[in-house]
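Below is one structure, written out as structure tokens, with a few remarks after it.
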Amino acid sequence: MRYVSTRGRAPVLDFDDVLLAGLASDGGLYVPESIPTIETMPDPSAGYAAVAAQVIRPFVGDGVVASRLDELCNASYSGFAHPDVAPLTEVGDDLFLLELHWGPTLSFKDYALQLVGRMFDAVLTDRSERVLVLGATSGDTGSAAIAGCEGRDAIDVVILYPDGRVSDVQRRQMTTVPAENVRAVAVSGTFDDCQDLVKAAFNDPELRSRFSLAAVNSINWARVMAQTAYYWWTAAKLGRPFSVAVPTGNFGNVLAASVAQRMGAPIERLIVGNNANHGLATLIATGRLPLEEVAPTLAPAMDIAVPSNLERYLFELFDRSPEATTEALEMFRSDRKLVTDEIAHHEMASVFAAGWVDDAHIEETMSDVYASSGLLIDPHTAVGWQVGVRLRRDDEVLVIVSTAHPAKFSDAVIRATGQVPTLPTRAAHVLDLPERISHIDPALGDLEVVLSEMVRSSHS
Ligand SMILES: *Cc1c(COP(=O)(O)O)cnc(C)c1O
């Protein structure tokens with residue numbers, strides 16, 4: 001399988017190189033040259049890891065990852081705390097919850113990053129190379145990236161988070177990991193400051209090559225690919241067509257559902273749930289994406305103005321034309337508004353539906369779900385639940401995607417329901433371990449010092 005850039009001006013690469021490249025050199029995102037189809041429905045009795053390997057196999061070509069795919073999938077998902085890895089529970093008549101919080105850091109990001117960390121390590125070890133994974137997080141990505149990379153021989157990982165702006169559990173999941181190849185850095189500033197700092201480091205060619213910087217952010221194709229597996233798993237378990245309701249901000253998780261659909265999975269509608277930052281819902285309703293200020297909400301992992309993975313969907317929508325994709329994105333930057341033509345909007349609206357939920361209704365949904373079913377759900381899941389149930393058609397089999405464990409966002413859960421969600425034992429150890437944190441100002445010089453220390457200590 002070969003990969004091309006959505007902007008059409010970057011080298012065509014195979015999977016192993018796309019994995020390590022992240023962003024394409026022309027500023028675009030890598031996508032497979034064609035979306036493979038799966039002819040035989042996976043057999044769920046083989047287990048999640050085997051289903052994932054079957055679904056992922058056509059994407060990885062014949063490099064190092066391909067030669068070790070079964071083993072990497074087995075290792076990635078064997079540590080999950082539920083025998084089904086991604087259990088599907090019936091919460092109403094033909095209404096299901098796909099629980100994606102059984103990994104080590106309790107959010108759906110583990111399903112991709114456990115595998116991506118191992119894939120990185122396999123390819124780099126084979127090439128006798130080493131990278132430093134640098135990322136910024138508003139909470140869940142950082143902890144999942146650290147868990148996916150900790151202790152791996154060929155990777156160091158440095159994660160920046162905004163000091164005082166992530167939850168206690170999220171911070172401890174990053175700061176209590178004792179592995180020498182891991183460092184969590186508290187930046188005195190906002191998430192945007194963290195992200196700007198990471199961008200500045202990647203844009204500095206000297207720094208970038210001195211530390212062999214690499215990224216595992218949500219624009220990495222391998223993450224989208226890994227996420228298609230749980231939609232096929234759902235299809236295999238249900239054995240009949242269904243629609244999905246996905247809480248999303250970056251358009252990553254629902255893009256994976258869209259790719260699974262193009263591969264032939266029997267998914268009918270893709271229902272997008274936004275919080276008050278609802279650019280995507282506006283785009284799906286009107287064909288126009290306005291660029292607006294981000295407001296903080298109870299579902300912070302979805303507080304995003306520019307959905308970075310949307311570019312991959314636009315590329316498909318514009319019949320894989322790099323020119324049309326580039327033009328639309330340039331217009332977005334200059335006019336602060338992305339406009340699709342009528343035909344494209346019609347096509348999008350034939351598959352996607354969308355809605356959004358403000359904080360008051362997030363709390364109300366958490367409270368109602370607890371009152372009616374005794375189930376505690378996190379604020380992100382509540383967004384998917386509320387929008388999915390609101391837009392559901394008669395006789396539609398609906399799967400709501402649960403993206404985090406309620407204990408990861410306990411303050412919001414307690415306020416909405418009066419119940420204290422218990423931290424699962426697999427994650428509770430972080431409460432007792434000592435924390436190790438580097439503190440810096442949002443300045444490139446400060447970051448450089450941390451990177452130098454990191455490389456010295458983990459290589460000694
Ligand atoms: C990251 C995250 C999301 C949003 O994921 P997208 O990539 O925007 O689809 C939703 N919920 C939780 C809990 C997350 O951590």
Side-chain angles (χ1 to χ4, degrees), residues 29 97-113 116 135-148 159 161 166-167 169-170 173-174 191 195 216-228 230-231 244-260 270-275 277-281 283-284 294 297-313 352 354 356-357 362 366 376-388 400-410 412-413 421 427:
L29 306 187
L97 198 63
L98 176 64
E99 298 176 5
L100 300 179
H101 49 65
W102 292 88
T105 71
L106 312 179
S107 88
F108 82 93
K109 294 190 170 76
D110 288 326
Y111 289 73
L113 284 164
V116 170
T137 187
S138 59
D140 293 333
T141 303
S143 49
I146 285 174
I159 298 293
Y161 68 89
V166 300
S167 78
V169 171
Q170 286 175 325
Q173 283 177 337
M174 296 189 274
F191 170 61
Q195 221 166 12
V216 292
N217 49 14
S218 66
I219 53 96
N220 194 308
W221 166 258
R223 284 181 60 180
V224 177
M225 174 190 77
Q227 289 170 207
T228 61
Y230 48 70
Y231 292 108
V244 288
V246 188
T248 188
N250 240 330
F251 206 72
N253 205 354
V254 76
L255 176 76
S258 162
V259 173
L270 306 164
I271 301 175
V272 168
N274 275 169
N275 61 23
N277 302 293
H278 56 88
L280 280 171
L283 175 69
I284 289 161
V294 175
T297 73
L298 287 176
M302 294 158 29
D303 290 346
I304 287 161
V306 183
S308 56
N309 257 303
L310 185 62
E311 178 162 347
R312 289 196 165 103
Y313 178 70
F352 286 92
W356 64 280
V357 190
I362 290 177
M366 291 161 78
L376 296 178
I377 56 172
D378 98 286
H380 305 82
T381 305
V383 169
W385 189 302
Q386 164 65 230
V387 174
I400 299 162
V401 176
S402 175
T403 51
H405 192 282
K408 211 165 182 184
F409 298 92
S410 56
V413 176

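Numbers here simply count residues along the sequence, with the first being 1. Please read these numbers as outputs of a predicted model, since none were measured by experiment. In listed order, ligands and their atoms are each counted from 1.
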Give a yes or no on whether the backbone of T297 and the side-chain of D303 come within a donor-acceptor separation of less than 3.5 Å. yes
Has K408 got a side-chain atom pairing as donor or acceptor with T105's backbone, closer than 3.5 angstrom? yes
Contact atoms of ligand 1, heavy-atom distance to [X] under 4.0 Å:
X	value
G252	6 (P), 7 (O), 9 (O)
A404	13 (C)
H380	11 (N), 12 (C), 13 (C)
F251	8 (O)
D140	12 (C), 13 (C), 14 (C), 15 (O)
M302	4 (C), 10 (C)

Find out whether [X] and [Y] are in side-chain contact, i.e. whether some heavy atom of one side chain is under 4.5 Å from a heavy atom of the other.
X	Y	answer
S107	H405	no
L113	V216	yes
S308	F251	no
S402	F108	no
F409	Q170	yes

Could you go through the side-chain contact (heavy atoms from CB on, under 4.5 Å) check for T137 and M174 one step at a time? CA-CA 10 Å; T137 187; M174 296 189 274; 3.8 Å; yes
With distance as the sole criterion, is a donor-acceptor pair present between the side chains of Y230 and N253 under 3.5 Å? yes
Using only heavy-atom distances, determine whether the side chains of R312 and N309 contain a donor-acceptor pair under 3.5 Å. yes
Taking [atom] as the reference point, the nearest protein heavy atom with its distance:
atom	result
atom 14 (C) of ligand 1	K109 NZ, 2.8 Å
atom 9 (O) of ligand 1	T248 OG1, 2.7 Å
atom 8 (O) of ligand 1	N250 N, 2.6 Å
atom 5 (O) of ligand 1	F108 CZ, 3.4 Å

Distance-only N or O hit between ligand 1 and S107, under 3.5 Å: no
Give yes if a backbone or side-chain nitrogen or oxygen of D378 is under 3.5 Å from a nitrogen or oxygen of ligand 1, and no if not. no
Check for me whether G249 has a heavy atom closer than 4.0 Å to any atom of ligand 1. yes
Under 4.0 Å, heavy-atom basis, I'd like to know which part of T403 is in contact with ligand 1: side chain, backbone, both or neither. both
Any idea which part of K408 is under 4.0 Å from ligand 1, heavy-atom wise: side chain, backbone, both or neither? neither
